[in-house]
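Reviewing the structure listed below.
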Number of protein chains: 2
Amino acid sequence: MESPKPSTEELILEAAQAVFLEKGLAGARMQEIADRAGINKALLHYYFRSKEKLSELIITRAVGALLPRVLAVLETDQDLFAKIRQVAGEYVTFVSRNSFMPLFIINEVNRNPQFFLKASVQHEKARIDTFRRQVEEAVAQGRIRPISSAQLLMNLMSLVMFPFLGKPIFQMALGLSDADFKREMESRRTEVAEFVIRAIQA
Amino acid sequence: MESPKPSTEELILEAAQAVFLEKGLAGARMQEIADRAGINKALLHYYFRSKEKLSELIITRAVGALLPRVLAVLETDQDLFAKIRQVAGEYVTFVSRNSFMPLFIINEVNRNPQFFLKASVQHEKARIDTFRRQVEEAVAQGRIRPISSAQLLMNLMSLVMFPFLGKPIFQMALGLSDADFKREMESRRTEVAEFVIRAIQA
DNA sequence: GTCTATATTCCGATAGAC
DNA sequence: GTCTATCGGAATATAGAC
């Protein structure tokens with residue numbers, strides 16, 4: 001056993017994350033968070049003064065959980081193609097267990113863009129630049145076809161992230177059950193990388 | 001001149017669309033819609049009984065404006081590569097003038113997926129199937145590399161749609177001003193198609 | 001059709017007992 | 001720390017005059 005009975009604070013944070021991610025910031029209700037945590041509203045405000053403060057915590061947690069996971073791979077000293085293969089795998093694995101997170105983050109980032117200009121995220125820029133230089137080098141050496149590093153990065157991120165955001169659309173459009181969709185995502189874990197590599201290899 | 005003075009109803013719908021798309025369903029305020037339409041709340045309820053009913057209208061309008069635009073290309077009798085080239089162009093052009101729409105639709109579709117199972121969208125499935133058969137034929141004839149039509153469709157849609165959703169992230173990560181970003185999107189209008197085509201051509 | 005004024009509901013936040 | 005009860009404001013919705 002490894003359940004050292006979660007503290008009330010942890011219960012709240014877990015409940016808050018679930019509700020904020022499902023309903024969005026504006027749609028989330030303090031009452032529902034309290035209910036899911038098994039406490040009442042008053043206690044919620046005792047721990048975290050306001051909905052505003054609580055939501056800031058959750059946003060920071062969510063961004064901190066998702067972005068570094070995708071970006072960490074970018075600055076390792078691996079071969080370019082190996083990196084591309086690993087990013088897809090990492091991301092798909094993580095999102096399969098946190099299905100609401102991509103949409104939540106995309107929303108918050110769009111509604112409050114300057115939140116990104118500071119703090120932890122700025123630090124990630126170094127990792128990105130490492131990757132971009134690697135791409136530009138490969139292009140200069142003729143190892144891959146000419147492509148701007150910005151465009152390649154956008155392509156890779158798009159292929160990895162979007163299918164989870166558009167899940168209901170794709171399920172409808174392609175006639176996929178939940179199980180079918182899961183299978184398609186599984187196969188994307190490798191197919192995305194191969195798709196990108198074929199597009200860029202000289 | 002071609003401004004036959006918009007009716008109050010049109011003014012409301014236009015204002016409602018703007019507010020809902022910017023703030024999201026839960027975040028939108030009837031007061032703000034009334035203000036932007038140049039009327040008051042009471043009149044809003046006179047035309048559309050409730051926020052609920054008004055929002056349903058806006059959702060239907062938005063979905064009807066965006067999805068057919070992307071899908072229309074899929075069932076023409078064009079060459080496969082030509083279709084791919086055209087989808088990217090169509091979409092980028094439209095979204096440039098309706099920048100909040102993709103995020104809004106993605107949100108609504110995720111919060112209320114069964115909204116899609118009925119009505120107009122079901123009809124689009126024929127177009128999609130036309131495209132899928134065309135892909136499968138090309139694979140069978142060895143004209144393109146083996147790829148499932150589902151994966152190819154996801155890839156194309158992802159590359160076309162996601163950069164607009166992730167705009168703030170990309171601007172931060174790549175150090176792009178608004179003008180820079182616009183330029184990158186312009187060049188994607190052709191680059192996305194070439195990227196996809198290189199990835200699949202035999 | 002359009003307005004002002006008001007009712008009603010909902011929700012975040014606080015007071016105060018235990 | 002945790003609860004019950006309640007306040008105060010905000011947002012949706014309606015009443016009723018013009």
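Convention: sequence-line order gives letters A, B, ...; per-chain numbering from 1. What you see is a predicted model; the values in this text were computed from it and never measured.
- Listed nucleotides C/dT2, C/dC11, C/dC3 differ in distance to B/Y47; the shortest reach to its side chain belongs to C/dT2.
- A salt bridge links A/D79 with A/R143; the closest basic N to acidic carboxylate O contact falls under 4.0 Å.
- Of all nucleotides listed (C/dA13, C/dC3, D/dT12), C/dA13 comes nearest to the side chain of A/S50.
- Summarising the geometry, the separation between NZ on A/K53 and P on C/dG12 is reported as 16 Å, rounded to the nearest angstrom.
- Ion pairing between A/E56 and A/K53 fails under the 4.0 Å rule for side-chain N and carboxylate O.
- Here the P atom of nucleotide C/dT2 and the CD atom of B/E9 are 11 Å apart, to the nearest Å.
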I'd like a table of atom pairs between the protein and nucleotides 14-17 of chain D - only N or O on both sides, under 3.5 Å - with the distance next to each one.
| from | atom 1 | to | atom 2 | distance (Å) |
| --- | --- | --- | --- | --- |
| D/dT14 | OP1 | B/R49 | NH2 | 3.1 |

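- The aromatic rings of B/F104 and B/F20 are tilted relative to each other, their planes meeting at an angle between 30° and 60°.
- Using a 4.0 Å cut-off between charged side-chain N and carboxylate O, B/R111 and A/E22 make no salt bridge.
- Atom NZ in A/K23 sits about 14 Å away from atom C1' in C/dC11, given to the nearest Å.
- Rounded to a whole Å, the CD atom of A/Q31 is 14 Å from the P atom of D/dA5.
- Per the geometry, CE belonging to A/M30 stands 17 Å off C1' belonging to D/dT6, to the nearest Å.
- Ring geometry for B/F162 versus A/F162: interplanar angle over 60°, hence perpendicular rather than tilted (30 to 60°).
- Contact annotation for B/A28: backbone-only contact, meaning every heavy-atom pair under 4.0 Å involves sugar-phosphate atoms and none involves a base.
- Between A/R189 and A/E186 there is a salt bridge, since at least one side-chain N of the basic residue sits less than 4.0 Å from a carboxylate O of the acidic one.
- Within the structure, a side-chain polar atom (N or O) of A/N40 is placed less than 4.0 Å from OP1 or OP2 of D/dT4.
- Contact annotation: B/T8 reaches the phosphate of C/dT2 (side-chain N/O to OP1 or OP2, under 4.0 Å).
- Counting to the nearest Å, the P atom of C/dT14 and the CD atom of A/E52 are 13 Å from each other.
- Protein atom CG of B/L25 is 15 Å distant from nucleotide atom C1' of D/dT12, rounded to whole Å.
- At whole-Å resolution of the value, CG in A/L43 and C1' in C/dC18 are 14 Å apart.
- Contact check on B/R36 versus B/E14 returns no salt bridge, with no Lys/Arg side-chain nitrogen under 4.0 Å from an Asp/Glu carboxylate oxygen.
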